[in-house]
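Notes follow the structure.
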Amino acid sequence: MCSTSQTTKRTTSQSWKRNNVHNEVIFTDNHDGTTKMTIRSQPFNASDEERSFFEGMLESMQQGFGGTFDQLEQYLVETQ
(Lines give C-alpha, C1' and ligand atoms only; values in the text may rest on other atoms or scores of the structure.)
Protein backbone atom coordinates (compact mmCIF):
# COMPACT_ATOMS: atom_id res chain seq x y z
CA MET A 1 0.00 0.00 0.00
CA CYS A 2 1.20 3.48 -0.84
CA SER A 3 -0.33 6.61 0.60
CA THR A 4 0.10 10.31 -0.04
CA SER A 5 -1.48 13.18 1.80
CA GLN A 6 -1.67 16.93 1.30
CA THR A 7 -3.51 20.02 2.42
CA THR A 8 -4.90 22.38 -0.18
CA LYS A 9 -6.59 25.75 -0.27
CA ARG A 10 -9.50 26.33 -2.63
CA THR A 11 -11.27 29.56 -3.49
CA THR A 12 -14.55 28.40 -5.00
CA SER A 13 -17.24 30.09 -2.93
CA GLN A 14 -18.03 32.75 -0.37
CA SER A 15 -19.53 29.89 1.67
CA TRP A 16 -16.09 28.33 1.87
CA LYS A 17 -13.97 31.14 3.26
CA ARG A 18 -10.96 29.37 4.75
CA ASN A 19 -10.81 26.69 2.08
CA ASN A 20 -8.76 24.20 4.09
CA VAL A 21 -9.11 20.65 2.78
CA HIS A 22 -7.01 17.65 3.69
CA ASN A 23 -6.73 15.17 0.80
CA GLU A 24 -5.44 11.62 1.16
CA VAL A 25 -4.87 9.21 -1.73
CA ILE A 26 -4.27 5.53 -0.96
CA PHE A 27 -3.13 2.98 -3.54
CA THR A 28 -3.69 -0.67 -2.63
CA ASP A 29 -2.37 -3.63 -4.64
CA ASN A 30 -5.21 -6.10 -5.21
CA HIS A 31 -2.69 -8.88 -6.00
CA ASP A 32 -4.50 -9.64 -9.26
CA GLY A 33 -2.73 -7.12 -11.48
CA THR A 34 -5.05 -4.29 -10.50
CA THR A 35 -4.73 -1.43 -8.05
CA LYS A 36 -7.46 0.13 -5.93
CA MET A 37 -7.25 3.89 -5.42
CA THR A 38 -9.10 5.47 -2.51
CA ILE A 39 -9.43 9.26 -2.26
CA ARG A 40 -10.46 10.89 1.00
CA SER A 41 -11.07 14.62 1.39
CA GLN A 42 -12.02 16.36 4.59
CA PRO A 43 -12.35 20.01 5.57
CA PHE A 44 -10.54 21.18 8.68
CA ASN A 45 -10.65 24.38 10.71
CA ALA A 46 -14.06 24.80 9.08
CA SER A 47 -17.13 26.53 10.45
CA ASP A 48 -20.47 24.70 10.50
CA GLU A 49 -21.45 26.66 7.36
CA GLU A 50 -18.23 25.68 5.57
CA ARG A 51 -18.54 22.03 6.59
CA SER A 52 -22.14 22.00 5.32
CA PHE A 53 -21.04 23.58 2.02
CA PHE A 54 -18.29 20.96 1.64
CA GLU A 55 -20.72 18.11 2.32
CA GLY A 56 -23.12 19.59 -0.23
CA MET A 57 -20.35 19.43 -2.86
CA LEU A 58 -19.58 15.71 -2.33
CA GLU A 59 -21.84 14.42 -5.11
CA SER A 60 -20.38 16.94 -7.57
CA MET A 61 -16.83 15.98 -6.56
CA GLN A 62 -17.62 12.28 -7.01
CA GLN A 63 -19.04 12.94 -10.48
CA GLY A 64 -16.01 15.06 -11.39
CA PHE A 65 -13.50 12.45 -10.24
CA GLY A 66 -15.56 9.68 -11.86
CA GLY A 67 -15.63 11.49 -15.21
CA THR A 68 -11.90 12.15 -15.06
CA PHE A 69 -11.12 8.51 -14.34
CA ASP A 70 -13.52 7.37 -17.08
CA GLN A 71 -11.51 9.52 -19.52
CA LEU A 72 -8.23 8.09 -18.20
CA GLU A 73 -9.54 4.55 -18.58
CA GLN A 74 -10.60 5.25 -22.18
CA TYR A 75 -7.20 6.76 -22.96
CA LEU A 76 -5.39 3.74 -21.51
CA VAL A 77 -7.56 1.34 -23.54
CA GLU A 78 -6.84 3.30 -26.73
CA THR A 79 -3.07 3.41 -26.14
CA GLN A 80 -2.55 -0.28 -25.36
Side-chain angles (χ1 to χ4, degrees):
M1 178 171 64
C2 176
S3 176
T4 185
S5 174
Q6 78 178 55
T7 301
T8 60
K9 288 187 173 271
R10 296 176 46 94
T11 56
T12 58
S13 170
Q14 288 297 329
S15 297
W16 188 246
K17 297 173 186 75
R18 283 175 277 209
N19 308 304
N20 294 318
V21 178
H22 179 82
N23 297 304
E24 182 177 26
V25 181
I26 301 168
F27 297 93
T28 307
D29 182 355
N30 290 330
H31 304 290
D32 64 358
T34 64
T35 301
K36 176 182 176 182
M37 182 173 69
T38 304
I39 301 172
R40 296 181 184 150
S41 294
Q42 175 179 326
F44 68 96
N45 293 331
S47 68
D48 289 343
E49 179 187 5
E50 291 167 328
R51 200 171 281 283
S52 178
F53 177 81
F54 180 85
E55 291 169 1
M57 294 297 296
L58 289 175
E59 185 176 338
S60 175
M61 287 186 278
Q62 289 172 338
Q63 290 175 354
F65 278 117
T68 298
F69 288 114
D70 288 345
Q71 290 176 21
L72 175 59
E73 180 179 32
Q74 183 63 38
Y75 171 78
L76 294 172
V77 166
E78 291 171 2
T79 60
Q80 289 183 2

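All of these numbers come straight from a predicted model, not from anything done at the bench.
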Could you pull out all donor-acceptor pairs under 3.5 Å where a side-chain atom in residues 32-43 meets a protein atom, sequence neighbours excluded?
residue: D32; atom: OD1; partner: T34; partner atom: N; Å: 3.0
residue: D32; atom: OD1; partner: T34; partner atom: OG1; Å: 2.4
residue: T34; atom: OG1; partner: N30; partner atom: ND2; Å: 3.1
residue: S41; atom: OG; partner: N23; partner atom: OD1; Å: 2.6

Residues 58-65, side-chain donor-acceptor partners within the protein, below 3.5 Å, at least two apart:
residue: E59; atom: OE2; partner: Q63; partner atom: NE2; Å: 3.4

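Among residues at least two apart or in separate chains, side chain to side chain donor-acceptor pair (under 3.5 Å) pairs with a member in residues 70-80 are Q74-E78.
Put simply, the side chain of L72 reaches to within 4.5 Å of the side chain of L76, judged on heavy atoms.
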